Chemist: 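Right, I'll just put the structure down here and ask away after.
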Number of protein chains: 2
Amino acid sequence: MAGFKGQADYSVDAKGRVALPAKMRRVLSPAANDTFVLTRGIERCVYLYPLDVWNKKEAAEFEHLNQYEPETRAMLRSMYRWADEETLDAQGRVIISKRLIEFAGIADKVTIIGALDRIEIWNPDVLTTELAEEDAQYGARIQLVMGKREAE
Amino acid sequence: MAGFKGQADYSVDAKGRVALPAKMRRVLSPAANDTFVLTRGIERCVYLYPLDVWNKKEAAEFEHLNQYEPETRAMLRSMYRWADEETLDAQGRVIISKRLIEFAGIADKVTIIGALDRIEIWNPDVLTTELAEEDAQYGARIQLVMGKREAE
DNA sequence: GGATTATCCCCCACATTTCCCCACAGCCTC
DNA sequence: GAGGCTGTGGGGAAATGTGGGGGATAATCC
């Protein structure tokens with residue numbers, strides 16, 4: 001699967017609809033059926049996983065966890081109670097629930113970014129402030145993550 | 001794949017288009033489909049990877065990283081949100097997004113250099129100042145990098 | 001229980017941007 | 001010297017992002 005790439009500013013209309021960039025829609029596999037699983041980001045944003053990607057994650061990472069451990073149960077509960085399945089309309093837009101809009105602190109403008117296997121939707125101001133440091137450390141971080149990898 | 005070689009000065013037109021040197025275009029594999037993945041350089045420039053090369057990197061190096069580690073997530077986000085997939089037009093030009101133009105500090109002239117598996121696009125002035133030191137240390141650095149390799 | 005209101009979903013419409021095609025001048029090659 | 005290739009510039013058509021309307025379904029109030 002080709003990964004989601006790029007960044008762009010979009011608007012949220014009065015109905016809570018957000019258009020996804022055409023470039024990202026083109027990457028979608030037919031198996032995704034124009035459907036996404038939206039959930040709260042680990043950061044203060046909304047994660048969008050194509051349905052097929054989410055299903056694979058579920059089967060590979062979540063289904064076999066031991067739910068008799070409280071930490072596991074708590075993690076899965078936090079993850080799934082925020083999750084929401086939505087299909088694109090004919091214009092390529094997705095509806096973001098009020099819960100998620102509120103969690104991400106989104107008003108009427110958003111910045112949408114591609115992040116390999118998912119799409120992230122941010123409040124533009126939050127993104128600018130939170131990711132400035134990330135960008136500044138880009139070179140060091142590549143060395144840290146990918147350099148570590150070579151040493152394996 | 002034969003590596004990209006050489007250096008040349010080109011201009012950026014009003015639409016943000018930059019022609020790639022014909023010599024570099026001839027090196028492209030048909031699998032690249034005349035398409036590049038552009039992303040921010042680790043240095044202050046734009047990296048261009050042919051699509052086939054990028055897809056191999058993605059599958060071999062990025063897809064299997066553990067995104068539950070914050071550092072990994074941050075690195076992939078910085079990498080992918082700057083990335084952009086673009087196809088050459090009939091004249092062999094590629095469009096560079098305004099974001100990348102701005103990041104690399106490019107105005108209307110660029111220097112394009114070949115760098116083995118990728119092409120780099122620089123502001124000519126930035127390149128001259130930043131790479132002067134690199135060139136000066138050429139001999140010592142070859143010994144450092146390639147000498148280490150023999151010791152393995 | 002019926003009427004009214006609210007919500008959701010699909011369709012239509014428009015303005016801007018993007019993309020693709022055509023055109024031309026300079027250079028190298030033959 | 002002729003012809004093709006290369007780098008540069010611009011215009012028209014299609015796609016993209018955005019807004020709003022109308023009908024069906026569900027919820028609420030009297």
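These numbers come from a predicted model, not from an experiment. A note on names: the letters A, B, ... follow the listed sequences, proteins ahead of strands, and every chain is numbered from 1.
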Chemist: So does B/E130 pair up with B/R44, basic N to acidic O under 4.0 Å?
Modeler: no
Chemist: Between B/R77 and A/E134, is the closest basic N to carboxylate O distance under 4.0 Å?
Modeler: yes
Chemist: Determine whether a donor-acceptor pair (N or O, by modelled atom type, separation under 3.5 Å) exists between the side chain of A/R25 and the backbone of A/L20.
Modeler: yes
Chemist: With Watson-Crick and G-U wobble geometry limited to distances under 3.5 Å, how should the secondary structure of DNA chain C be encoded in dot-bracket form, using | for bases paired to another strand and [ ] for crossing pairs?
Modeler: ||||||||||||||||||||||||||||||
Chemist: Does D/dT16 have OP1 or OP2 under 4.0 Å away from a side-chain N or O of A/R26?
Modeler: yes
Chemist: Could you tell me whether the side chains of B/Y80 and B/E58 share a donor-acceptor contact shorter than 3.5 Å?
Modeler: yes
Chemist: Distances for protein N/O vs nucleotides 21-25 of chain D N/O pairs under 3.5 angstrom?
Modeler:
residue: D/dG21; atom: O6; partner: A/K15; partner atom: NZ; Å: 2.2

Chemist: So, do A/V18 and A/V110 sit near enough that their side-chain heavy atoms are less than 4.5 Å apart?
Modeler: yes
Chemist: Heavy atoms within less than 4.0 Å of DNA chain D: which residues of residues 89-97 of chain B have one? Give them sorted by number.
Modeler: B/Q91, B/R93
Chemist: Judged by atom type as modelled, is there a donor-acceptor pair below 3.5 Å linking the side chain of B/T39 to the main-chain atoms of B/M79?
Modeler: yes
Chemist: Would you mind reading off the distance between B/D13 atom CG and D/dG10 atom P, rounded to a whole angstrom?
Modeler: 8 Å
Chemist: Does anything in residues 102-115 of chain B come within less than 4.0 Å of DNA chain D? Heavy atoms only, and list the residues if so.
Modeler: none
Chemist: State whether B/R118 and B/E120 are salt-bridged, where the test is any N-O pair (Lys NZ or Arg NE/NH1/NH2 against Asp/Glu carboxylate O) under 4.0 Å.
Modeler: yes
Chemist: Between C1' on D/dG7 and CE on B/M24, what's the gap in Å once rounded to a whole number?
Modeler: 14 Å
Chemist: Which sits closer to the 5' end of DNA chain C, B/E86 or A/K98, going by the nucleotide each is nearest to?
Modeler: A/K98
Chemist: Select base, sugar-phosphate, or nothing to describe what B/L88 touches, counting heavy atoms under 4.0 Å on all strands.
Modeler: nothing
Chemist: Does the distance from a Lys or Arg side-chain N to an Asp or Glu carboxylate O, for B/D84 and B/R99, drop under 4.0 Å?
Modeler: no
Chemist: Any side-chain to backbone donor/acceptor pair from B/K109 onto B/A107? Under 3.5 Å, distance only.
Modeler: no
Chemist: Say whether A/D135 and B/S78, considering side chains only, have a donor N or O and an acceptor N or O under 3.5 Å apart.
Modeler: yes
Chemist: Is the shortest side-chain N to carboxylate O distance from B/E86 to B/R17 below 4.0 Å?
Modeler: no
Chemist: Nearest whole angstrom, please: distance from the P of D/dG17 to the CG of A/L20.
Modeler: 9 Å
Chemist: Report the residues that fulfil side chain to side chain contact (heavy atoms under 4.5 Å, CB included) with B/T87, sequence neighbours left out, ordered by chain and then residue number.
Modeler: B/D34, B/T35
Chemist: Given 3.5 Å as the limit, does a donor-acceptor pair link the side chain of A/R73 with the main chain of A/Q67, or not?
Modeler: yes
Chemist: Give a yes/no on whether any side-chain N or O of A/Y10 is located under 4.0 angstrom from OP1 or OP2 of D/dT18.
Modeler: no
Chemist: Treating A/T129 as the side-chain partner and A/V126 as the backbone partner, does any N or O pair qualify as donor plus acceptor under 3.5 Å?
Modeler: yes
Chemist: Between the side chains of B/D108 and B/S11, does any donor sit under 3.5 Å from an acceptor?
Modeler: no
Chemist: Quiz question: by atom type and distance under 3.5 Å, do the side chains of B/T72 and B/N66 form a donor-acceptor pair?
Modeler: no
Chemist: Check every atom of D/dT18, D/dT8, D/dT6 against the side chain of B/A22 and return the nucleotide holding the closest atom.
Modeler: D/dT6
Chemist: Which two nucleotides bound the region of DNA chain C that has atoms under 4.0 Å from heavy atoms of chain A, read 5' to 3'?
Modeler: C/dC9 to C/dC12
